[in-house]
Amino acid sequence: MSYDFARYLNIRSAINPVLSPDGQRVAFLSDITGIFQAWSVGIQGEGVARWPRQLTFFSDKIWEIHGTPAADHLLAVGDVAGNERQQFYLITNYGAGEGGREGHHVIRLTQDDQAIHTFGAWSQDGRRLVYTSNARNQVDFDLYLLDLESGTARCLREWAGRRSVVAWGRGDRAILSVDTVATEQIELYLLDLESGQERHLAAGQPHARYSEIRWVQDQVYLLSDRLHDRGALCRLDLASGELEPLLFAEELDAAAAPHRGELELLAVAPQGDQAALTYNGDGYSHLFLVDLVNRRWRRVESLPLGVIGHLQFSRDGRRLILDLQSPVQPPDIWLLELETVEARQLTFSNLAGLDPATFVAPELIRYPTFDGRSIPAFFYRPRQSPPSQGYPCILYVHGGPAGQQRPDFDVRFQYFLHRGYALLVPNVRGSTGYGRHYMMLDDVERRLDSVADLKHAVAWLHQQPLIDSRRIAIYGRSYGGYMVLAALTEYPELFAAGIDVVGIANWVTFLERTSPWRRAHREREYGSLAEHRAFLERISPIHKADRIRAPLLVLAGDNDPRVPLFESEQIVARVREAGGTVEFVHYPDEGHKFSKLANRIDSFTRMADFLDWHLGGEAG
Ligand SMILES: CSCC[C@H](NC=O)C(=O)N[C@@H](C)C(=O)O
């Protein structure tokens, strides 16, 4: 049976679970209507979920929701047409819809459409929240306090840089914040709201990442790579800024074998006696429960192996809620009873009537590259028999570059597999999930080393009898779009087609035109206009567009605050000037990510048709 992309795009997801304070309801994000909105569902005693109720009704997606500690209220965060200028909405009494009673309200809390608002934390009583915003000058994120009763917000402190609040403790008298200077350099600060004194907790320490910061029972727990390349669960001494390691990633290696990687998510029970953390091993999430009192841990075996997001303990510390997905199962909400370690699936997202047995899980392979390293990659093989000359294959390059392709549910991959395309999806150097050192291997002057990893990915494909070496396409979005253009200009003979979605074509114009609040951060990854302009020009595909031989499809969003539309416009013009074949579509109501169903159907259908036309699909 053959289906079009639109059918696959009717597969739905449920993510970002938030347990209500009484543990009787779970709120979550779902694209049941075709775009992510906030929903809630009751949890009956036997764990069977009732019919979900829709809580928000926007034409743009809701990006995240945050529960409040005291009542059935939620904070929902959304933007307009993909502009990433997040706005806050309060959803009151979201449990009101249970038991036949309807009636909740959605109230806009922020008023400045041009500013970004980044949620921080709730006060203990859930009546106030702190957040940061770049409203003052579009570049620096200042600290604000918002009072729900009056609906008014006031600036508590002007900060410099990309500050965000990570915790509010000591009876609402102290705030922990981070300054995201670079992907590999996060700075920690402690602000005493009564004295106004702020301390730089990481002063004098080596550059490090700090994440999943949890302030519970006056103890601060976090994950950091300050002490170990692949991270450790630590307790932070707020007086000295020192870290006390409680559990190193390498202590979990054997339990997570054959996968290997770094610590990723952390939740701490409100009682402060236990934690849950995930170990990202080759992209797979291994869930561990940690006894913080007796320093013991155990791996949870009762969940399907896949990718876990959003860990949260119930208020009584007896349950853990999470979202979980795998290459053959879209994200859904699961509940773990900690006493029995019994796992129950609470939501059952729609599969659009497709047989899940037709979905394909990848094989994890490692291929050799130029400097003796092995590059991890997921290889997906279609279920149908290969054509006589072998499968056409898509080399998909993830974005970031500090990102990672995971064994998660990717509707694009499942559709291309359905159409007879094999896929190879590498985590080239610069990817996250393999430790700090690997993540920095592509920085600045080593940029083309990661492009060389793509050349060796194709070399691996050429050694696979199942693959037709003449029909290899390369596809990527965002930074992955840059990698597509770089591969097509550095190694033009290797590819039969290329798809660049919101990709960078010219490092100079990208850094000049990306949104001002992110420029310094991105220059740490790529190099700065002041110091590296000549290098950036040398590695920009725009100046080598005449070398592109493969037909190219370029897709973009007009409101992209990260990679301006101009990047796509200039590469399209240059390729056309050079006599190349290029199709170009951009979406006036989208940004860096295409979130509206109609645009997703259109863009993915165009990709499939483009590949079928130039690679001949399964019929080729
Ligand atoms: C710190 S944001 C990096 C991830 C993001 N996603 C896609 O690759 C992105 O915007 N990357 C490029 C475009 C960038 O570095 O700005």
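Remember, it's 1-based here, ligands and their atoms both numbered in the order they're listed.
Here is the list of ligand 1 atoms found below 4.0 Å of a heavy atom in V563: 13 (C). Atoms of ligand 1 found under 4.0 Å from any heavy atom of F510 (numbered from 1 in listed order, with element): 14 (C), 16 (O). Heavy-atom proximity to Y479, at under 4.0 Å, picks out these atoms of ligand 1: 7 (C), 8 (O).
Between Y396 and F413, the distance separating the two ring centers is shorter than 6.0 angstrom. For an aromatic pair to be called close, the ring centres must be under 6.0 Å apart, and H586 with F584 satisfies this.
Looking only at protein heavy atoms, the nearest one to atom 4 (C) of ligand 1 is G400 O, 3.4 Å. Atom 15 (O) of ligand 1 has its closest protein heavy atom at Y526 OH, 2.4 Å. When only non-hydrogen protein atoms are considered, atom 5 (C) of ligand 1 lies nearest to R562 NH1, 3.1 Å.
Considering backbone and side-chain N/O of H521, none are found under 3.5 Å from N/O of ligand 1. Annotation: S478 places an N or O atom under 3.5 Å from an N or O atom of ligand 1; distance criterion only.
For atom 2 (S) of ligand 1, the nearest non-hydrogen atom from the set E567, E525, R518 comes from R518.
Classified by interplanar angle (parallel below 30°, tilted 30° to 60°, perpendicular above 60°), the ring pair W507/Y479 is tilted.
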